[in-house]
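Reading through the structure tokens given below for one structure.
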Amino acid sequence: MSKTVLITGATSGFGAAAARRFAAAGWKVVATGRRAERLQPLVDEFGAGHVHVAAFDIRDATAMEAALAALPPAFAAIDLLVNNAGLAQGTSAAQHARLDDWRTMIDTNITALVTLTHRLLPQLIQQRGAIINVSSTAAIHPYPGGNAYGGTKAFVSQFSLGLRSDLHGTGVRVTTLEPGMAETEFTLVRTHGNQAASDQLYKGANPMTAEDIAEQIFWIANLPPHLNINRLEIMPTSQSFAGFQVARDPA
Ligand code: NDP
Ligand code: 8X3
């Protein structure tokens, strides 16, 4: 019998590519996100028996609960939760950042993620299922302007490892996936809609693609049940590390 995956943030980027990857392989897919018009093509492509879509703002716990309660019976037993919905907003240094941006990132990347995870844990245990949390290299490697975004992703990574510990003996697998630069709508969102800035960032950089990350998610999910990838950090070959910065006294 085919397994069921619930993927958040399936209207774009990693989530959309993952929804296609899993549906193409015969998984039943519950695809979520706010933009309903981006979800419907998944149903058109794979059929209502294979993809169920639910459009809601993941920060709205009531809407999330209603969407879960309304899952058709064929999609109701979730084997795999892919917590992918998330965003960065702003690239400014902390002292110039907008507090609203920080709150949006915390509400989406942390609060919504833990709410959905908490809601699905009993059935994931029952299914001996799996959780893949999409974190970021920003969780591990700080950079100027990363402030609250990196903080939210550090939470995601550490929360994942904590879940893994708590779920010891249940058979539930937990992975934190930490990608570096990938070309999606991520930078468009981060810059509040600046397409030129987004294009400039990725130009000539050979970034990863959404499909590259979807393939990693699919691979992690389809490993034999006795194997658990705890953390997977992945970057494009073109991206690496730079040294510490040093502020010097004036001469
Ligand atoms: P995209 O902007 O292309 O996709 C983000 C997805 O999250 C969209 O489907 C969006 O759906 C959804 N989302 C955002 N806010 C909400 C909300 N309030 N309610 C419901 N859904 C929401 O970016 P990516 O695919 O790149 O990002 C996916 C994840 O990967 C994020 O968690 C991001 O932090 C992480 N990541 C991205 C990297 C990159 O370089 N691209 C690198 C490392 C991690 P909608 O707007 O329709 O609601
Ligand atoms: C996105 C990767 O380096 O732009 O999570 O923060 S980065």
Side-chain angles (χ1 to χ4, degrees), residues 6-21 30-42 53-64 67 82-91 101 103-113 115-116 132-157 159-160 176-193 195 197-198 201-202 205-214 216-217 231-236 238-242:
L6 188 154
I7 303 173
T8 65
T11 60
S12 169
F14 302 167
R20 290 204 157 76
R21 183 68 182 90
V30 179
T32 79
R34 284 168 298 187
R35 289 168 289 179
E37 75 281 5
R38 298 277 198 99
L39 295 172
Q40 186 54 38
L42 290 168
V53 299
F56 60 93
D57 187 324
I58 201 164
R59 295 168 296 177
D60 180 343
T62 307
M64 179 195 291
V82 179
N83 277 316
N84 164 75
L87 76 172
Q89 276 192 347
T91 55
D101 282 346
R103 288 191 167 135
T104 300
M105 290 187 277
I106 291 165
D107 292 348
T108 311
N109 301 357
I110 298 180
T111 308
L113 181 146
T115 303
L116 181 58
I132 300 175
N133 289 328
V134 180
S135 177
S136 167
T137 48
I140 309 293
H141 310 287
Y143 58 86
N147 45 66
Y149 177 68
T152 64
K153 292 303 189 179
F155 175 91
V156 172
S157 288
F159 179 59
S160 304
T176 178
L177 177 61
E178 294 162 351
M181 182 174 57
E183 185 168 6
T184 61
E185 293 178 14
F186 177 82
T187 301
L188 193 62
V189 171
R190 182 170 217 172
T191 59
H192 297 282
Q195 185 67 57
S198 177
L201 178 70
Y202 299 123
N206 294 317
M208 295 186 291
T209 64
E211 288 71 27
D212 290 331
I213 299 304
Q216 300 311 309
I217 294 171
R231 291 182 54 231
L232 178 60
E233 182 180 319
I234 180 167
M235 285 176 163
S238 59
Q239 186 178 31
S240 66
F241 316 103

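First listed ligand is number 1; within each ligand, the first listed atom is number 1.
- Under a 4.0 Å heavy-atom criterion, Ser135 is in contact with ligand 1.
- Judged by distance alone, with hydrogens and angles left aside, the side-chain atoms of Glu183 form no donor-acceptor pair with the main-chain N or O of Pro207 at under 3.5 Å.
- Ranking the protein heavy atoms by distance from atom 31 (C) of ligand 1 puts Asn84 O, 3.2 Å first.
- Of the heavy atoms in Thr108, only side-chain atoms (C-beta onward) come closer than 4.0 Å to ligand 1.
- By the 3.5 Å distance cut-off applied to N or O atoms, Tyr202 is not counted among the residues near ligand 1.
- Using a 4.0 Å cut-off to heavy atoms of Gly13, the atoms of ligand 1 that qualify are 3 (O), 25 (O).
- Under a 4.0 Å heavy-atom criterion, Ala88 is not in contact with ligand 1.
- Among residues two or more places apart in sequence or in another chain, the side-chain hydrogen bond (donor to acceptor under 3.5 Å, both in side chains) test is passed with Asp57 by Arg59.
- Put simply, the side chain of Asn84 gets close to the backbone of Thr8: a donor and an acceptor are under 3.5 Å apart.
- Within a 6.0 Å sphere centred on CZ of Arg35, other residues, nucleotides and ligands contribute more than 12 heavy atoms.
- Expressed to the nearest 0.5 Å, how far CD1 of Ile58 lies from CG of Asp60 amounts to 10.5 Å.
- Nearest to atom 46 (O) of ligand 1 among the protein's heavy atoms is Arg34 NH2, 3.1 Å.
- Listed by number with element, the atoms of ligand 1 under 4.0 angstrom from any heavy atom of Tyr149 are 33 (C), 34 (O), 35 (C), 36 (N), 44 (C).
- For ligand 1, the polar-atom distance check finds no N/O of Val189 at less than 3.5 Å from any of the ligand's N/O atoms.
- Looking only at atom types and distance, the side chain of Asp212 has a donor-acceptor partner in the side chain of Thr209 under 3.5 Å away.
- Atom-to-atom distance recorded for Gln216:CD and Glu211:CD is 12.5 Å, nearest 0.5 angstrom.
- Taken from OG1 in Thr152 to CG in Leu113, the straight-line distance is 9.5 Å, to the nearest 0.5 Å.
- Taking every heavy atom of Val134 and a limit of under 4.0 angstrom, the matching atoms of ligand 1 come to 29 (C), 30 (O), 35 (C).
- At a heavy-atom cutoff of 4.0 Å, ligand 1 is contacted by no atom of Arg38, backbone or side chain.
- Protein heavy atom closest to atom 12 (C) of ligand 1, with residue, atom name and distance, is Gly9 CA, 3.6 Å.
- Atom CG of residue Leu39 and atom CZ of residue Arg34 lie 11.5 Å apart, to the nearest 0.5 angstrom.
- Looking at atom 42 (C) of ligand 1, its nearest protein heavy atom turns out to be Gly180 O, 3.0 Å.
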Pairs under 3.5 Å, N/O atoms on ligand 2 and on the protein: can you put them in a table with the distances?
from: ligand 2; atom 1: 5 (O); to: Ser136; atom 2: OG; distance (Å): 2.5
from: ligand 2; atom 1: 5 (O); to: Tyr149; atom 2: OH; distance (Å): 2.6
from: ligand 2; atom 1: 6 (O); to: Tyr143; atom 2: OH; distance (Å): 2.4

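- When heavy-atom distances to ligand 1 are checked against a 4.0 Å cut-off, Ala10 comes that close only through its backbone atoms N, CA, C and O.
- For atom 3 (O) of ligand 1, the nearest protein heavy atom (residue, atom name, distance) is Ser12 OG, 2.5 Å.
- Comparing Leu39, Thr209, Thr184 against atom 26 (O) of ligand 1, the shortest heavy-atom distance belongs to Thr184.
- Atom 8 (C) of ligand 1 has as its closest protein heavy atom Thr11 OG1, 3.4 Å.
- Shown in contact with Asp57 at under 4.0 Å from a heavy atom are these atoms of ligand 1, numbered in order with element: 17 (C), 18 (N), 19 (N).
- Ligand-side atoms of ligand 1 in range of Glu185: 2 (O), 3 (O), range being under 4.0 angstrom from any heavy atom.
- Between the choices Gly86, Ala85, Gly15, Ala138, the shortest heavy-atom distance to atom 5 (C) of ligand 1 belongs to Gly86.
- Residues Asn83 and Val134 form no side-chain contact, since every pair of their non-hydrogen atoms from C-beta on lies 4.5 Å or further apart.
- Taking the centre of each ring, Tyr149 and Phe186 come in below the 6.0 Å mark.
- Nearest protein heavy-atom contact of atom 41 (N) of ligand 1 is Ala182 O, 3.1 Å.
- Geometrically, ligand 1 and Phe14 share a nitrogen or oxygen pair separated by less than 3.5 Å.
- Among protein heavy atoms, atom 19 (N) of ligand 1 sits closest to Ile58 N, 2.9 Å.
- Within the 4.0 Å heavy-atom cutoff, Met208 does not count among the residues contacting ligand 1.
- When each atom of ligand 1 is checked for a heavy atom of Arg35 under 4.0 Å away, the hits are 11 (O), 45 (P), 46 (O), 47 (O).
- Here the straight-line distance linking atom CE of Met181 with atom CD of Gln239 works out to 5.0 Å at 0.5 Å rounding.
- Taking a cutoff of 4.0 Å between a charged side-chain nitrogen and a carboxylate oxygen, Glu185 and Arg38 qualify as a salt bridge.
- The CZ atom of Arg190 sits 6.5 Å away from the OG1 atom of Thr91 when rounded to the nearest 0.5 Å.
- Salt-bridge check for Glu233 with Lys153: failed, with every basic side-chain N at 4.0 Å or more from each acidic carboxylate O.
- Across Ser135 and Thr176, no two heavy atoms sit closer than the pair CB-OG1, 3.3 Å.
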**Message:** What verdict does the side-chain contact (heavy atoms from CB on, under 4.5 Å) test give for Val30 and Ile7, after you've listed the backbone C-alpha separation in whole Å, the side-chain angles of each residue and the deciding distance to 0.1 Å?
**Reply:** CA-CA 6 Å; Val30 179; Ile7 303 173; over 6 Å; no
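- If you check the side chains of Asn133 and Ser160, you find a donor sitting under 3.5 Å from an acceptor.
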